[in-house]
Amino acid sequence: MPDAHDLTDAWLVDATRQLADPPGDVDRLISSISAGLSRIRRPARALASDGRRIKITDAVVKQMIAIRTRRLLGRLVVFAAVDGADDTVTGIRVGLIARYADDLIALSDRVRDIVEDVLLETIGPESSAEARRNIAVRWQDVYTREWLSN
């Protein structure tokens, strides 16, 4: 029988795919990046939370960041990482697709706000305090796929 975390992760990936597709140039890139997502299997890391009886995994946090970013900004998260050892979270790294007319500084601030809200809702203000101070946002050029700095 599959691990419960694997079933949850698979459900979240499917839910993400059911969201409305973003318009324009990124459709092909989204397809190429997300084509193999259902085949990816990695044990999820349980994270400490402010709730004594509540455990959440890094996979769920990453997926919630991706879903909320896509819903609120219409952007695909192509990379998300939850940094920290054992069950602690010390930082979050997020990579997204940039468009030429983007104000990357303003969009990065909006992404940081989204990530902060997800961390507060999932693992709580105490357990996420250090991670909320360490949210890194990177942008990938839609055509060259090179990482841009902002």
Side-chain angles (χ1 to χ4, degrees), residues 2-51 54-84 87-99 101-142 145 147-148 150:
D3 185 289
H5 294 303
D6 288 341
L7 293 174
T8 302
D9 294 352
W11 177 83
L12 286 169
V13 168
D14 287 340
T16 302
R17 286 187 179 142
Q18 292 175 19
L19 295 172
D21 287 334
D25 295 329
V26 298
D27 289 339
R28 279 186 321 216
L29 185 56
I30 290 170
S31 295
S32 69
I33 291 170
S34 63
L37 286 179
S38 64
R39 294 187 300 270
I40 295 174
R41 293 272 192 235
R42 182 192 64 76
R45 179 170 62 107
L47 305 174
S49 69
D50 291 351
I54 298 172
K55 285 288 184 183
I56 189 156
T57 69
D58 62 340
V60 171
V61 170
K62 291 187 291 188
Q63 204 60 35
M64 287 183 68
I65 290 168
I67 290 168
R68 190 153 308 156
T69 302
R70 189 162 177 193
R71 185 174 295 142
L72 296 177
L73 297 182
R75 299 305 175 95
L76 176 71
V77 172
V78 296
F79 173 80
V82 177
D83 297 329
D87 64 352
T88 61
V89 180
T90 58
I92 302 288
R93 291 175 288 137
V94 182
L96 301 104
I97 302 296
R99 298 180 187 142
D102 285 343
D103 178 349
L104 296 182
I105 295 171
L107 281 172
S108 294
D109 288 341
R110 291 182 65 196
V111 171
R112 285 184 190 92
D113 290 342
I114 290 168
V115 172
E116 185 171 344
D117 289 345
V118 168
L119 290 171
L120 288 169
E121 293 169 11
T122 56
I123 62 176
E126 290 179 30
S127 297
S128 70
E130 185 177 357
R132 288 183 286 117
R133 290 188 300 270
N134 296 304
I135 300 170
V137 180
R138 294 182 65 198
W139 294 91
Q140 189 175 55
D141 182 273
V142 70
R145 296 190 186 184
W147 290 103
L148 309 171
N150 62 352

Participant: Provide the closest heavy-atom pair for L119 versus A131 in the form atom of the first, atom of the second, distance.
Facilitator: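 Closest pair (atom of L119, atom of A131, distance): CD1-CB, 4.0 Å.
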
Participant: So which of L104, I135, V94 actually passes side chain to side chain contact (heavy atoms under 4.5 Å, CB included) with V111?
Facilitator: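 With V111 as partner, side chain to side chain contact (heavy atoms under 4.5 Å, CB included) holds for just one option, V94.
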
Participant: Below 4.5 Å, heavy atoms only, C-beta onward: do R68 and E121 meet side chain to side chain?
Facilitator: yes

Participant: Once salt bridge (charged side-chain N to carboxylate O under 4.0 Å, His left out) is applied, do any residues pair with R93, and if so which ones, sequence neighbours excluded?
Facilitator: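 Only D83 meet the salt bridge (charged side-chain N to carboxylate O under 4.0 Å, His left out) criterion with R93.
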
Participant: Tell me the closest heavy-atom pair linking V78 and Q140, and the distance in Å.
Facilitator: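 Heavy-atom minimum between the residues: CG2-OE1, 4.0 Å.
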
Participant: Given 3.5 Å as the limit, does a donor-acceptor pair link the side chain of T122 with the main chain of V118, or not?
Facilitator: yes

Participant: Applying salt bridge (charged side-chain N to carboxylate O under 4.0 Å, His left out), can you list everything that pairs with D109, at least two apart in sequence or on another chain?
Facilitator: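 Only R112 meet the salt bridge (charged side-chain N to carboxylate O under 4.0 Å, His left out) criterion with D109.
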
Participant: Strictly by salt bridge (Lys or Arg N to Asp or Glu O under 4.0 Å), give each pair with a member in residues 122-135 just once, sequence neighbours left out.
Facilitator: E116-R132

Participant: Could you check whether any side-chain heavy atom of V82 comes within less than 4.5 Å of a side-chain heavy atom of I92, counting everything from C-beta outward?
Facilitator: yes

Participant: If every non-hydrogen atom of S108 is compared with every non-hydrogen atom of V137, which pair is closest and at what distance?
Facilitator: OG-CG1, 3.8 Å

Participant: CH2/W139 to CZ/R99 distance, rounded to the nearest 0.5 angstrom?
Facilitator: 9.0 Å

Participant: For the atom pair OG1 (T69) and CD1 (I114), what is the distance rounded to the nearest 0.5 Å?
Facilitator: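 It comes to 4.0 Å.
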
Participant: Check V77 against A66 and note the closest heavy-atom contact, atom names and distance.
Facilitator: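 Looks like CG2-CA, 3.8 Å.
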
Participant: Are any non-hydrogen side-chain atoms of L120 and S128 less than 4.5 angstrom apart?
Facilitator: yes

Participant: Taking only residues two or more places apart in sequence or in another chain, which ones pass side chain to side chain contact (heavy atoms under 4.5 Å, CB included) with A48?
Facilitator: D87

Participant: Please report the interatomic distance CG(L107) to CG(L96), rounded to the nearest 0.5 Å.
Facilitator: 8.5 Å

Participant: S127: which residues meet the side chain to side chain contact (heavy atoms under 4.5 Å, CB included) condition with it, sequence neighbours left out?
Facilitator: D50, I123

Participant: Which heavy atom of L72 sits nearest to which heavy atom of R110, and what is that distance?
Facilitator: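 That would be O-NH2, 3.8 Å.
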
Participant: Do R75 and D102 have side-chain heavy atoms sitting under 4.5 Å apart?
Facilitator: yes

Participant: Just jot down the side-chain hydrogen bond (donor to acceptor under 3.5 Å, both in side chains) partners of N134, sequence neighbours excluded, or say none.
Facilitator: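 Per chain and number, N134 pairs via side-chain hydrogen bond (donor to acceptor under 3.5 Å, both in side chains) with no residue.
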
